[in-house]
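Some notes on the structure that comes next.
To find a chain, count down the sequence lines: A is the first, B the second, and so on, and within it residues start at 1.
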Number of protein chains: 2
Amino acid sequence: MVTVHDVARVAGVSISTVSRALAAPERVAAATRARVQAAADALGYVPNRAASGLRAGRTSAVGLVVPDLENPYFASVTKGVQARARAAGLAVFVVDAEEDPHLEADLVASLAPQTDGLLLCSPRQDDAAVRDAAGRARVVLVNREVAGVPSVCTDHARGTELAIEHLRALGHARVAVVGGPERSWSQERRADGVRRAVERFDDLDVVELGAYRPHVDGGYSAADAAVATGATAVLAFNDLQALGLVRRLAGRGIRVPDDVSVVGCDDTFVAGLAATPLTTVRTDLRGMGATAVDLLADLLRPGNEPEAPRVVLPAELVVRASTADAPRVLVPSPAVAP
Amino acid sequence: MVTVHDVARVAGVSISTVSRALAAPERVAAATRARVQAAADALGYVPNRAASGLRAGRTSAVGLVVPDLENPYFASVTKGVQARARAAGLAVFVVDAEEDPHLEADLVASLAPQTDGLLLCSPRQDDAAVRDAAGRARVVLVNREVAGVPSVCTDHARGTELAIEHLRALGHARVAVVGGPERSWSQERRADGVRRAVERFDDLDVVELGAYRPHVDGGYSAADAAVATGATAVLAFNDLQALGLVRRLAGRGIRVPDDVSVVGCDDTFVAGLAATPLTTVRTDLRGMGATAVDLLADLLRPGNEPEAPRVVLPAELVVRASTADAPRVLVPSPAVAP
DNA sequence: GTCGCGTCTGCAAACGATTGTAGCCGCTGC
DNA sequence: GCAGCGGCTACAATCGTTTGCAGACGCGAC
C-alpha cells in the first residue's frame, strides 16, 4: 500500500505538504503541487479512507435506506443517488430494509455512526421514527416530508389530479382510485389530489378503494372491487399495482383500454414493459435521487446547519396505451346482492 | 461520540480489555466480559469503523459492482448480497457501472483500496480486465467464470437445454433463439446449451439470431426477425427481451402463446408482471448474491488464500402462460424477396 | 515455602491521514 | 539596514482502535 509518506519521499516534501497539495491545492505553491501530483500519479497513490476519516471526523460515505431494491421505483432512485454521489466523491452504502420499519430503525442506528449522512426512503415509518433518525445523523428524506427535516419529493396531489383530469377528458364518468398502504405518506398526498379533482369536476364520480399492497398482487386483488364499482377507469397507486390490475382484468376477459382504462403511477421502467404500455404519472426518479444527494452534500459543507429545504418535484402525465375513450356502452353494472 | 475509553471508564477496565471483550470474548474472563458488555450497551457504544479499519487493516466493507441497478436481474442479486452481508457484519458499497466497461474498471480501481473485497457482475468485461481486477483486490465473480478467480454462476447451458426441450415437447419444430451481447459470458454458455439440444434432437430446427440488447428494446427489435424464420417458438436472452418480443408480436397481431410461444430467462420479478406471465428459466438470484458473499467471506478469513472455488447454481424451468402447444396450422412463411 | 505455569489484564506503539502551530525565507518599506 | 509581513512548508499531535509484550495474580506441585 502506498501512503503519503511514499509520495512525500518521492516528491521531496513532507507528508503535510502532500496532504495539503491534494486536499487544498490553493494552499501550496504551484510548483510544489505539481511535483506532489506527479509523484502521487506515478505511485498510484489513493488516500486511505479509514485514516482520513478517522482524523478528519468524516467518512465521505453516505447511507441509502430503501424499503425494497427489487421495487423499480427504488431501483431508479438508487441509481440516481449512486451516480450523483460518485460525482460528489461520496461512497454509498445501500441497505434494503425489506419493508420492515423495525429493521429500518436498526439499520439507521448502525449506519448513522459510520456515515456522514443518510438518505431515507421511509414511506411507512411514522414521523417520530423519522425524527429520531434525523437526530442520530444528518438525514435527507426521499419522497416523504416531515417538518424540520430536509426532503425531496413529488407533487403527488398534482399528479393525481392530472390523471383524473385525463380520464375525465376521455369521457369517463366514474373513476376508481386504488389506495396504497394506509400509513403511507404519498397515499395521503394522493388523497388530497383526489379531493381537489372531485371539487373541480362535479360531473365526475370518484370511488376510493381501501388499502392494497403497492405490488402486483395488490393490483390483482383490487381489480374485482374496482370493476364492481362500475367505474370505466382505474387509477392505481403505482405501476406495479396497475400491471396487476391489467392482468386480473385480462383474466376476466375485460380488455384494457377498450373496456376499462388503467393509469399507473411513477413511470417506473416497468410501465413500458407490458404488451399495452401504461399511461402513468411521471416523476424523474433518478433526478430525485440526485437531488437528495445534492441536499445532503449541502448539509455536509462545513457551517451549514439550520436549513431544512424541501424540494418538490413536478409530476406530469405520460399517456401511453392503457387509457382510451370511455366505452359507449357501459360495462353492465354488477348485480347487487339483495 | 462514545469511544472505548468511555466504556473502559464505566466498566473499570482498560481500553484493551474493552476491545478484547468485544472482539475476542474467549480471551477475557467471563465476569469482566459481562461488565464490559453491560457498559457498552448502557452507553450505546458502536465501534468506529474507520479507526478499527485503520489499525486492523480491514474495512469490513465490500464493494458490489453491477452493470445496471434498474435491471431486475441485478436488483435481485443486489438484494441477496445485501441481506447476507448484513448478517455477516459487512457493509456493502453498491455501484452502478452503467454498462460501461471503462467506467467499471475505474470503479474497481477506486473501490479496491477501500474495501476488503469486491463482488463483480461483469458480463461484458474481458478476461484480462477481470484478472486485473482480481489482482487489485479479493474478487468474487457473479454469473461469470474466469480461470483462477472464485465465482458463482448459473448453469446456463442446462437452462437453455431445458427450455428447448420444453418447446419441443409442445410440438414446436422450429425454435428461434435470440442472442444477447456477443461478448457476454452467459451468451456463450447458452450457445453451448443450444448446441447440446441440437445434437440431442434431430427433429428440431434451431435458428440462432444475432446479437440483440438484453433489454426490452432488444426483444422488440428481434421479434420480426424471429417471426421471419418461420419459428413457432422463441427463446429470449432474458425476461426483458422476452417482454419486448411479446409486445412487438402483439403489435403485429400475433398472439402469445396461441400463435407463437415465448420463453424468457432468469425468472426476474418482471416475468410475472405482464398480462401473460412468462415461461422462463429460473435461477435463485438472491441466493446467487448470498453465495457470492459467503465465498468472499471465506476468502477474507485470515489464512485462506489459494482457493478459487466455482459454484454453479442449477437452472430450472418455470412454465407459465407464454408457452403452449405449437399451432396446428403453421404461421405462413414470409414472402422472400426475389 | 517457593517455583513455575497459565490466565487475564494493562501499557504503549502502531495504523495513515489531517491540521494547528511555528519556523523559514524573501521581500517591501521606512 | 532592519523590522515586519506574507507565503510556504515542516513538525508533531491527534483521531479510535487493535495488538504484541510484559506484568500481575492465583494455584498446584514439589
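For the pair B:Ile15 CD1 and D:dT19 P, the interatomic distance rounds to 13 Å; values are reported in whole Å. Taking atom NE2 on A:His5 and atom P on D:dA10, their separation rounds to 13 Å, with Å as the unit. Regarding A:Arg58, its CZ atom lies at a distance of 15 Å from the P atom of D:dG16, rounded to whole Å. In this entry the distance linking CG of B:Leu54 with P of D:dC15 reads 13 Å, nearest Å. Residue A:Arg33 contributes atom CZ, which lies 12 Å from atom C1' of D:dC8 at whole-angstrom precision.
With contacts defined as side-chain heavy-atom distances shorter than 4.5 Å, the pair A:Phe93/B:Val92 does not qualify. A heavy-atom distance below 4.5 Å is not found between the side chains of B:Val140 and B:Ser151. Here the side chains of B:Glu98 and B:Leu69 are not in contact, with every heavy-atom distance at 4.5 Å or above.
Note on B:Glu145 versus B:Arg189: no salt bridge recorded, every NZ/NE/NH1/NH2 to OD/OE distance being 4.0 Å or above. Salt-bridge check for B:Asp116 with B:Arg58: failed, with every basic side-chain N at 4.0 Å or more from each acidic carboxylate O.
Between the base of D:dT18 and the side chain of B:Arg55 there is a donor-acceptor pair shorter than 3.5 Å.
When heavy atoms are screened at a 4.0 angstrom cut-off, B:Ser16 is found touching base atoms of the nucleic acid. Contact annotation for B:Arg27: base contact, defined as any heavy-atom pair under 4.0 Å involving a base atom. Nucleic acid contact for A:Val18: none, since no nucleic acid atom lies under 4.0 Å from a heavy atom of the residue.
Dashed line: the shortest gap from a side-chain N or O of B:Ser19 to OP1 or OP2 of D:dT18 is under 4.0 Å.
Contact footprint of chain B on DNA chain C: nucleotides with an atom under 4.0 Å from a non-hydrogen protein atom, first to last in 5' to 3' order, C:dC8 to C:dG16.
At a cut-off of 3.5 Å, with distance as the only test, no side-chain donor of B:Tyr73 or B:Asp68 sits close to an acceptor on the other residue.
Heavy-atom nearest nucleotides on DNA chain C were determined for B:Ala30 and for A:Arg20, and the one closer to the 5' end corresponds to B:Ala30.
B:Arg144 places a side-chain N or O within donor-acceptor distance of the main-chain N or O of B:Ser122, the cut-off being under 3.5 Å.
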